[in-house]
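Working notes, structure below.
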Amino acid sequence: MSTPSSAGRSAGHSPSAATPASPGAGAALRAWWQQREPRERAMLVLMCAAIAAFVLWYGVFLPLRRAGEAAQARHVRAAAELARVQAEVDRIALLQAQLPARPADPAALKQAVLATAAQAGLRIGNAREDGGGLEIESESATPAQLFGWLDALRREHGLAPAALSVARNQQRLRVQARFVPPSP
């Protein structure tokens, strides 16, 4: 059975007869639409609306929602990391506040380094001042003397060498250390 819309299509009025680039494409599309029965038009409108809703939901809303959830999760992780880092900064500040005052000038630096070396039993063979800093050498240190000296420097004077070289020298250690005065 032939309907008016199918008769129009069989007479050469197919939707592909007019291309979108041709000037009569809009008129051909309107003519094609008018040839559809109201029931077909309603189904086509519903189908296009369903496709548009599908594309909108899965192409826009769902990716945006997932991106928002991912951003919120990243924010929560970053806030937790910030809190952890801030706690560590506070802990470091507390530890630094507990450190003794560092020697204020090169003479006090030299006195602190040499006095703690003597207390630890570390014999300093050469100590020379260099541009406000201090370089020391010891040719025959034991590990206990070296670590005792470094620990005493840290605990008593808040000092640590800016550069430290330790090499085995027969059964002893050869130690070279450079200290720089604190910056104002």
Side-chain angles (χ1 to χ4, degrees), residues 1-104 109 130-133 143 146-147 150-168 176-184:
M1 172 167 125
S2 161
T3 63
S5 62
S6 62
R9 279 192 293 256
S10 63
H13 296 279
S14 69
S16 62
T19 62
S22 65
L29 186 59
R30 276 192 297 278
W32 176 83
W33 182 256
Q34 291 302 320
Q35 291 173 355
R36 307 280 73 87
E37 292 191 24
R39 184 186 61 192
E40 285 180 307
R41 286 188 222 154
M43 285 189 335
L44 287 170
V45 165
L46 284 175
M47 182 180 68
C48 288
I51 289 171
F54 178 83
V55 167
L56 195 61
W57 181 257
Y58 287 103
V60 177
F61 293 131
L62 198 57
L64 284 176
R65 187 173 78 188
R66 287 182 182 153
E69 290 168 354
Q72 187 172 7
R74 284 191 311 270
H75 172 74
V76 167
R77 283 192 307 271
E81 182 67 13
L82 176 63
R84 187 190 67 75
V85 168
Q86 188 60 49
E88 291 296 320
V89 165
D90 294 343
R91 196 178 111 223
I92 289 170
L94 179 64
L95 289 174
Q96 285 178 334
Q98 293 172 353
L99 286 176
R102 294 184 61 181
L109 174 69
D130 179 25
L146 173 63
F147 290 117
L150 292 173
D151 187 50
L153 278 172
R154 182 190 55 80
R155 278 185 294 104
E156 296 172 17
H157 304 285
L159 288 174
L164 178 66
S165 172
V166 179
R168 180 163 279 193
Q176 294 177 315
R178 174 162 174 65
F179 295 88
V180 294
S183 25

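Just so it is clear, the values below take in all heavy atoms, side chains as well, and ignore hydrogens, waters and symmetry mates. Throughout, numbering of the chain's residues begins at 1 and tracks the sequence.
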Listing, residues 41-48 side-chain donor-acceptor contacts under 3.5 Å, not counting sequence neighbours, or none:
from  : atom 1 : to    : atom 2 : distance (Å)
Arg41 : NE     : Trp33 : O      : 3.1
Arg41 : NE     : Arg36 : O      : 3.1
Arg41 : NH2    : Gln34 : O      : 3.2
Arg41 : NH2    : Arg36 : O      : 3.0

Test salt bridge (Lys or Arg N to Asp or Glu O under 4.0 Å) applied to Arg91 - qualifying residues, sequence neighbours left out: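 With neighbours one apart ignored, the set is Glu88.
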Residues forming a salt bridge (Lys or Arg N to Asp or Glu O under 4.0 Å) with Asp130, sequence neighbours excluded: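 Partners of Asp130 by the salt bridge (Lys or Arg N to Asp or Glu O under 4.0 Å) criterion, ordered by chain and then number, come out as Arg178.
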Approximate separation, where rounding is to 0.5 Å, of Asp151 CG and Leu146 CG: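 If we round to the nearest 0.5 Å, Asp151:CG and Leu146:CG are 11.0 Å apart.
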Interatomic distance, Gln86 atom CD to Leu82 atom CG [nearest 0.5 angstrom]: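 Here the interatomic distance stands at 6.5 Å.
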Of the non-hydrogen atoms in [X] and [Y], which two are nearest, and what is the gap between them?
X	Y	result
Ala162	Val180	CB-CG2, 4.1 Å
Trp57	Pro63	O-CD, 4.1 Å
Leu109	Pro103	N-CB, 3.5 Å
Pro100	Gly158	CG-N, 3.5 Å

Residue Arg155 excluded, over 12 heavy atoms near CZ under 6.0 Å: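 Yes, enclosed.
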